[in-house]
Each structure stands twice: as C-alpha cells, then as structure tokens.
Amino acid sequence: MEELSFYLKPRPPFSLMLTVWALRRRPNNQIDRWHAGRYTRILLLDNLPYRVTVLQGGTSDTPRLHVTVSGRRVPESIKRPVSSLLEKMFSLKKDLADFYLLTGRERRLRPITDRFVGVRPPRFPTVFEALVNAFACQQLSLDLGIILLNRLAASYGVSFNERDETFNAFPRPQDLAGLSPEDFRKLGFSRSKGRAIVELSGAVARGDLVTEDLDESGDEDVLRRLTGIRGVGRWSAEYVLLRGLGRLNVFPGDDVGAQKNLQNFFGLSERPHYETVRKITSRWRPYAGFVYFHFLLDKLRAKGSLS
C-alpha cells in the first residue's frame, strides 16, 4: 500500500469537524466517516479506489489540512484531482465574509452562527450522488435514509481493503445501472425508488444525462431539468441545488426537518408550509441555504453528536 501526503490551506475561518458533520448528517454514516478528528472517504479516480484522510492542524483562523491518499499505487499526479474534489466538497476557497456581515445584523440568528463559526457549506462530490441521496431520504427519516445509503455502498460500491478493515466508495452510475428495482427492495428501498435510481444510473452511464453541466445553468433551469427526472420532485430538486451544486440561496422549503427547525426557532404555533418557509428565509438571501446547515448542526449539537 502506497501513501501520498500534502497540505491544503482553506480560507479562514474553517472547521473541518463542523463541515464534515454538515456533510455526513448522522453518526452512522459509513461513506463519509469521522473518527478521532479525522475525515475519511473512499474516492474513485480513473475508476481506482483511494482512501483519502483529512486532518486539520492550526486553528480556525489559521487552518491547515493534512491530506493523506492511500492506494495500491499512488502517483504524484493524484494530488491535483483529490485537491480539487476536497476544495469543492468543503468549499475551501469560498469567501463567506458577506454571510457573517448579514447574520451579524440579525439579532436572533447571530448566536447560532457564532456557535458554528468555521463551518463551510458542504457538497457531495457529484450531482449523481446528491440525487441518489435525495431518493434515499424522500419521505423517510434521515436516520433511515442514511442506513439505506450505507447498505447501497456496502452492496455495490467499489471496496477498499486496508489491514482488517473494508471501506466502500459511493456507487458509480455503472455500478447501479444494470440492477433491477427488486435488488433495491432487498436493501429496504421501495420499488419506485429502486426504479428511479436504476433509470437515473442508466441515463448517466450511457451519457444520455450529463448532470455535471448543471453547474453552468441557472436555478430555474436546473429545477426544470431535475424535475423532469423520474422520482425528482420539488424537495429533491432543491436538495440537489443546495447539496449537489452549492446554491446557498436555496433553502429546501419542503424539508420537514428544516420546517420543524424554523418552527422551533421562531416559536411558531405550527410547522410552516412551503410558501411560509420561503417568506421567512427570504431575509437571509443569498445565504438561506447556509443557514439551513447551521440549523442542522444545532440539532446535532443538541443530540450530543458533534465531537
């Protein structure tokens, strides 16, 4: 097993721990792992699996990330694509000064943003992964959705074996395209979700659907194109806009957990519906989606998960 190590310098303030938790969402996430202050994930580059580990040194104001890439063969050239993926996933270069100016004027919001200074808005490595995450979590608790995703990776993701431990990458479109809805039923997915994932995977694997070109499209165009995919409704499309494309102006208005967070935060008598959510969060534009991540972290903090 070979290793290659290098360093990345995020724009401060930065907290790897908070950003990883905003990405992984639940302690049992086996795809995005966090243990003893280290983030670990299997990344596929040129269809070869690499174990990427990230450790933060320095402080929130002087952050330095130590990145280690492990694999059977680890060429020096792997540094560039790994760096590019981590910069995207953790928004390492994003300037959020305007966000802190905005929230500094919001008396009610400021305590929660001060509590999580250094978190960055995370993104899934690909839009495909964001879509499959959306399918898994539709109309289910997030806890169950993460369990389904773990099963999917363990069953169909490329494996990486190191010492006595096995890690699995998130499945590629070609890993899932040849499956049947019944294969997903065995993992706990509904038949309709299985069919949607198979159709999506096939379209991406064949090149009929190029999801990465959505980066260049406006929000409304992305919403239109995404909702044309089987199984993708308004919640899933907005979820992908935020978590897959990094559109921080988007607060998924149909997200039940987010609605409950807003209800508790503002002391509302009932859970706000979509249009009320849009009205409430309009004051935080163009960073309403980043506030969404702060509410998620606050819920995790209350459960004692953040460490």
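Here the structure is a predicted model, which is why all the values come from computation and not from measurement.
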Participant: Do S84 side-chain atoms and R80 backbone N/O form a donor-acceptor pair below 3.5 Å?
Facilitator: no
Participant: Which heavy atom of L148 sits nearest a heavy atom of A136, and at what distance?
Facilitator: CD1-O, 3.9 Å
Participant: Within the structure provided, determine whether S70 and E162 are in side-chain contact (heavy-atom separation under 4.5 Å).
Facilitator: yes
Participant: With a 4.5 Å limit on heavy-atom distance, are the side chains of I31 and R41 in contact?
Facilitator: yes
Participant: Under a 3.5 Å distance rule, please check whether D183 uses its side chain to pair with a backbone N or O of L179 as donor and acceptor.
Facilitator: no
Participant: Atom CD of Q263 and atom CD1 of I280: how far apart are they, to the nearest 0.5 Å?
Facilitator: 10.0 Å
Participant: Verify, without hydrogens or angle tests, whether E212 (side chain) and V127 (backbone) share a donor-acceptor contact under 3.5 angstrom.
Facilitator: yes
Participant: State, to 0.1 Å, how close G118 and Y100 come at their nearest heavy-atom pair, and which atoms those are.
Facilitator: N-OH, 3.4 Å
Participant: Go through the structure and list residues passing salt bridge (charged side-chain N to carboxylate O under 4.0 Å, His left out) with D98, not counting sequence neighbours.
Facilitator: none
Participant: Does any donor atom in the side chain of S236 or Q138 lie under 3.5 Å from an acceptor atom in the other side chain?
Facilitator: yes
Participant: Using a 3.5 Å cut-off and no angle test, enumerate the donor-acceptor pairs between side-chain atoms of residues 88-96 and protein atoms at least two apart in sequence or in another chain.
Facilitator:
residue : atom : partner : partner atom : Å
K88     : NZ   : P125    : O            : 2.5
S91     : OG   : P121    : O            : 2.6
D95     : OD1  : A97     : N            : 3.0

Participant: Carefully, step by step, assess I42 and V52 under the rule side chain to side chain contact (heavy atoms under 4.5 Å, CB included).
Facilitator: CA-CA 6 Å; I42 304 304; V52 177; over 6 Å; no
Participant: With a 4.5 Å cut-off on side-chain heavy-atom distances among I, L, V, M, F, W and Y, is there a chain of contacts connecting L85 to Y7?
Facilitator: no
Participant: Please find the pair of heavy atoms, one from V74 and one from G71, that lie closest to each other, and give the distance.
Facilitator: CG2-N, 3.3 Å
Participant: Under the side chain to side chain contact (heavy atoms under 4.5 Å, CB included) rule, what do T281 and V291 come out as? Steps first, then yes or no, please.
Facilitator: CA-CA 9 Å; T281 60; V291 175; over 6 Å; no
Participant: Take H66 and R64, measure what side chain to side chain contact (heavy atoms under 4.5 Å, CB included) needs, and give me the verdict at the end.
Facilitator: CA-CA 7 Å; H66 182 209; R64 191 176 189 222; over 6 Å; no
Participant: Side chains of T113 and F99, heavy atoms from C-beta outward: is any pair under 4.5 Å?
Facilitator: yes
Participant: Could you tell me which non-hydrogen atom of A258 sits nearest to which non-hydrogen atom of F251, and how far apart they are?
Facilitator: CB-CE2, 3.6 Å
Participant: Salt bridge between E199 and R230, side-chain N to carboxylate O under 4.0 Å?
Facilitator: yes
Participant: If you take all heavy atoms of A205 and P173, which pair is closest and at what distance?
Facilitator: N-CB, 4.0 Å
Participant: Is there a donor-acceptor contact under 3.5 Å from the side chain of T62 to the main chain of G58?
Facilitator: no
Participant: Do R25 side-chain atoms and A22 backbone N/O form a donor-acceptor pair below 3.5 Å?
Facilitator: no
Participant: Considering only heavy atoms from C-beta outward, does the side chain of W34 approach that of L16 to under 4.5 Å?
Facilitator: yes
Participant: Treating Q259 as the side-chain partner and G253 as the backbone partner, does any N or O pair qualify as donor plus acceptor under 3.5 Å?
Facilitator: yes
Participant: For residues T68 and T53, is any side-chain donor paired with an opposing acceptor at under 3.5 Å?
Facilitator: no
Participant: Using a 4.5 Å cut-off on heavy atoms from C-beta on, say whether the side chain of R120 contacts that of R11.
Facilitator: yes
Participant: State whether the side chain of D298 and the backbone N or O of H294 hold a donor-acceptor pair below 3.5 Å, judged by distance alone.
Facilitator: no
Participant: Not counting sequence neighbours, list each pair that qualifies as a salt bridge (charged side-chain N to carboxylate O under 4.0 Å, His left out) and has a residue in residues 170-182.
Facilitator: R172-D175, E182-R191
Participant: We want to know whether Y39 and D32 form a side-chain donor-acceptor pair, criterion being a heavy-atom distance below 3.5 angstrom.
Facilitator: yes
Participant: Could you verify whether a donor N or O on one side chain and an acceptor N or O on the other, from N168 and S159, lie under 3.5 Å apart?
Facilitator: no
Participant: Is there a donor-acceptor pair under 3.5 Å between the side chain of T103 and the backbone N or O of E106?
Facilitator: no
Participant: May I ask you to test the Y292-L242 pair for a side-chain heavy-atom distance under 4.5 Å?
Facilitator: yes
Participant: Honestly curious: do V54 and L4 fall in one hydrophobic cluster under the side-chain, below-4.5 Å linking rule?
Facilitator: yes
Participant: Sub-3.5 Å donor-acceptor pair from the side chain of S155 to the main-chain atoms of L152, do we have one?
Facilitator: no
Participant: Between S60 and P63, which heavy-atom pair has the shortest distance, and what is it?
Facilitator: O-CD, 3.5 Å
Participant: Atom CG in N161, atom CZ in R72: separation rounded to 0.5 Å?
Facilitator: 7.5 Å
Participant: Got a second to check how far F135's CZ is from S192's OG, nearest 0.5 Å?
Facilitator: 10.0 Å
Participant: If hydrophobic clusters are built from ILVMFWY residues whose side chains come within less than 4.5 Å, do Y239 and Y274 share one?
Facilitator: no
Participant: Hey, any chance L306 and V20 share a hydrophobic cluster, counting ILVMFWY side chains that come within less than 4.5 Å of each other, even indirectly?
Facilitator: yes
Participant: Would you indicate whether E220, at its atom CD, is surrounded by more than 12 heavy atoms from other residues, nucleotides or ligands within a distance under 6.0 Å?
Facilitator: no
Participant: As an exercise, state the distance from CE of M17 to CZ of R38, rounded to the nearest 0.5 Å.
Facilitator: 15.5 Å
Participant: So, taking the atom named OG1 in T211 and the one named CZ in F128, what distance separates them when rounded to the nearest 0.5 Å?
Facilitator: 8.5 Å
Participant: Crowded around R115 CZ? As in, over 12 foreign heavy atoms under 6.0 Å?
Facilitator: yes
Participant: Counting heavy atoms not belonging to N28, are there more than 12 under 6.0 Å from its CG?
Facilitator: yes
Participant: Given R247 and V222, is the side chain to side chain contact (heavy atoms under 4.5 Å, CB included) satisfied, shown in steps?
Facilitator: CA-CA 11 Å; R247 306 293 171 87; V222 173; 4.2 Å; yes
Participant: Distance alone, cut at 3.5 Å: any donor-acceptor contact between the side chains of S217 and R225?
Facilitator: yes
Participant: Closer than 3.5 angstrom, by distance alone: can the side chain of S305 be matched with the main-chain N or O of R301 as a donor-acceptor pair?
Facilitator: no
Participant: Is D255 salt-bridged to R271, cutoff N-O under 4.0 Å?
Facilitator: no
Participant: Take atom CZ in R195; do more than 12 heavy atoms of anything else shown fall under 6.0 Å from it?
Facilitator: no
Participant: Would you say that L245 contacts L214 through its side chain, given a criterion of any heavy-atom pair below 4.5 Å between the two side chains?
Facilitator: yes
Participant: When you compare the side chain of C137 with that of W235, does any pair of heavy atoms fall below 4.5 Å?
Facilitator: yes
Participant: Hey, what do you get for CG (L65) to CG (L55), rounding to the nearest 0.5 Å?
Facilitator: 8.5 Å
Participant: Would you say L48 ends up clustered with V69 if hydrophobic residues are merged whenever their side chains have heavy atoms under 4.5 Å apart, either directly or through other cluster members?
Facilitator: yes
